[in-house]
There are 4 protein chains.
Amino acid sequence: MSEAHGVARDQLRSFVERIERLEEEKKTVADDIKEVYGEAKSMGFDTKVLRKVISIRKLDQNERMEQEAVLDTYLHALGMAEAPPEE
Amino acid sequence: MSEAHGVARDQLRSFVERIERLEEEKKTVADDIKEVYGEAKSMGFDTKVLRKVISIRKLDQNERMEQEAVLDTYLHALGMAEAPPEE
Amino acid sequence: MSEAHGVARDQLRSFVERIERLEEEKKTVADDIKEVYGEAKSMGFDTKVLRKVISIRKLDQNERMEQEAVLDTYLHALGMAEAPPEE
Amino acid sequence: MSEAHGVARDQLRSFVERIERLEEEKKTVADDIKEVYGEAKSMGFDTKVLRKVISIRKLDQNERMEQEAVLDTYLHALGMAEAPPEE
DNA sequence: ACCCTCGAATGTTAAC
DNA sequence: GTTAACATTCGAGGGT
């Protein structure tokens, strides 16, 4: 019976390690982003404006994705779902 | 000295009451929204589609507001800020 | 037949407008709440503590309502249900 | 003179692309993390507890790093700074 | 009727 | 210190 706990413990350890590894990666990327903003700032760009540009472009992307999603929803509602392109 | 605490207590009580009053209002409105969705559903509308419609229209609004904000940001960055229309 | 779609379209439009109107209201109230917290903060209150107070009182209310519900259940079981006060 | 703007425009474009590229990466990693939590959940782990474990370990790490920083400060003060291990 | 996925709301942290 | 991004938590809705 203690074996079962041992297995669970090993699994838990594995999950914890995988998550911590990924969170490290994420932090690295976030720091890279900060660096890029800093670089831009040092070349005379207004980071506030730059951030706005990024955010509005993200909105555009979101809207495009939402529009595709809404189309998909309509198709499903009409029983005309299409096959997903990949994966 | 205890008077000071009395004052603070009364202020605190007042803030708590105002907030709770407003949260009640908010809940009422949220319930109204649910009711409308329920009504639409009972009339044969697919609430999932309806929600998507609402969300995409909200995205449109956000984008419009963002565009105005980004324009504003540019103008400020150029030292050409305009006077706000009201308030 | 296109008439039917016309009706549905108008109904849809109506639902969308009602929901958007209510969501605006909800946002207004949410903003009001934020304002009150801001006001409290400007008078020296710790908003974090204030939020805790609000949430604890909400829990208490929930408990009270549950207790009333239990009481109600008993009364019904005994055929002694009372009329709700309003609405 | 328009050349100067052209250069700035290209730089801006480059910054925007780099940032968007990095934000995509960040999102990918964040999604990976979600996946791992989902996997753990599907194997019977309580994700809430798992998140707590992760956060506690992170706190521990912070403490350890602070302690190392303190130690480092002492060593520097004593003119006994050691070389960083890598990078 | 329950789980599970998703979106909204809250609380926290970091940037300016 | 104030505002905005971020992560987490909570709750509703839909599917099984």
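Only this structure's heavy atoms are used, side chains among them; waters, hydrogens and symmetry mates stay out. Just so we're on the same page: letters track the sequence lines, and every chain starts at 1.
Spacing between atom CG of B:N62 and atom P of F:dA5 amounts to 12 Å, rounded to whole angstrom units. To the nearest angstrom, P of F:dC6 lies 12 Å from NZ of D:K27. For the pair D:I56 CD1 and F:dT8 C1', the computed distance is 15 Å after rounding to whole Å. Remark: P of E:dA15 and CD1 of D:I19 are 14 Å apart, rounded to the nearest angstrom. If you take CD of A:E23 and P of E:dT13, they are 14 Å apart, rounded to a whole angstrom. Across the protein-nucleic acid pair, B:F45 atom CZ and F:dG14 atom C1' stand 19 Å apart, rounded to whole Å. Atom CG in C:D32 sits about 17 Å away from atom C1' in E:dA9, given to the nearest Å. Rounded to an integer number of Å, the gap from NZ of C:K48 to C1' of E:dT13 is 11 Å.
In the hydrophobic clustering of ILVMFWY residues, with side-chain heavy atoms under 4.5 Å counting as a link, B:L50 and A:L75 come out apart.
When the side-chain nitrogen and oxygen atoms of D:R51 are compared with OP1 and OP2 of F:dT8, one or more of them lie within a distance under 4.0 Å.
Position along DNA chain F of the nearest nucleotide to B:Y37 versus D:K26 favours D:K26 as the more 5'-ward residue. Position along DNA chain F of the nearest nucleotide to C:K41 versus D:K52 favours C:K41 as the more 5'-ward residue. Annotation: of the two residues near DNA chain E, C:K58 and A:E66, the 5′-most nearest-nucleotide partner is A:E66.
In this structure, A:T47 and A:Y37 approach most closely via the heavy-atom pair CG2-O, 3.7 Å. The minimum heavy-atom distance linking C:V29 with B:L22 is given by the pair CG1-O, 3.3 Å. Here the shortest heavy-atom pairing between D:E20 and A:I54 reads CG-CD1, 4.1 Å.
For B:S14 (side chain) and B:D10 (main-chain N/O), no donor-acceptor pair under 3.5 Å exists by modelled atom type.
Using a 4.0 Å heavy-atom criterion, one finds that B:K34 contacts the sugar-phosphate atoms exclusively. Contacts of B:T47 with the nucleic acid, taken as non-hydrogen atoms under 4.0 Å apart, involve only primed sugar atoms and P, OP1 or OP2.
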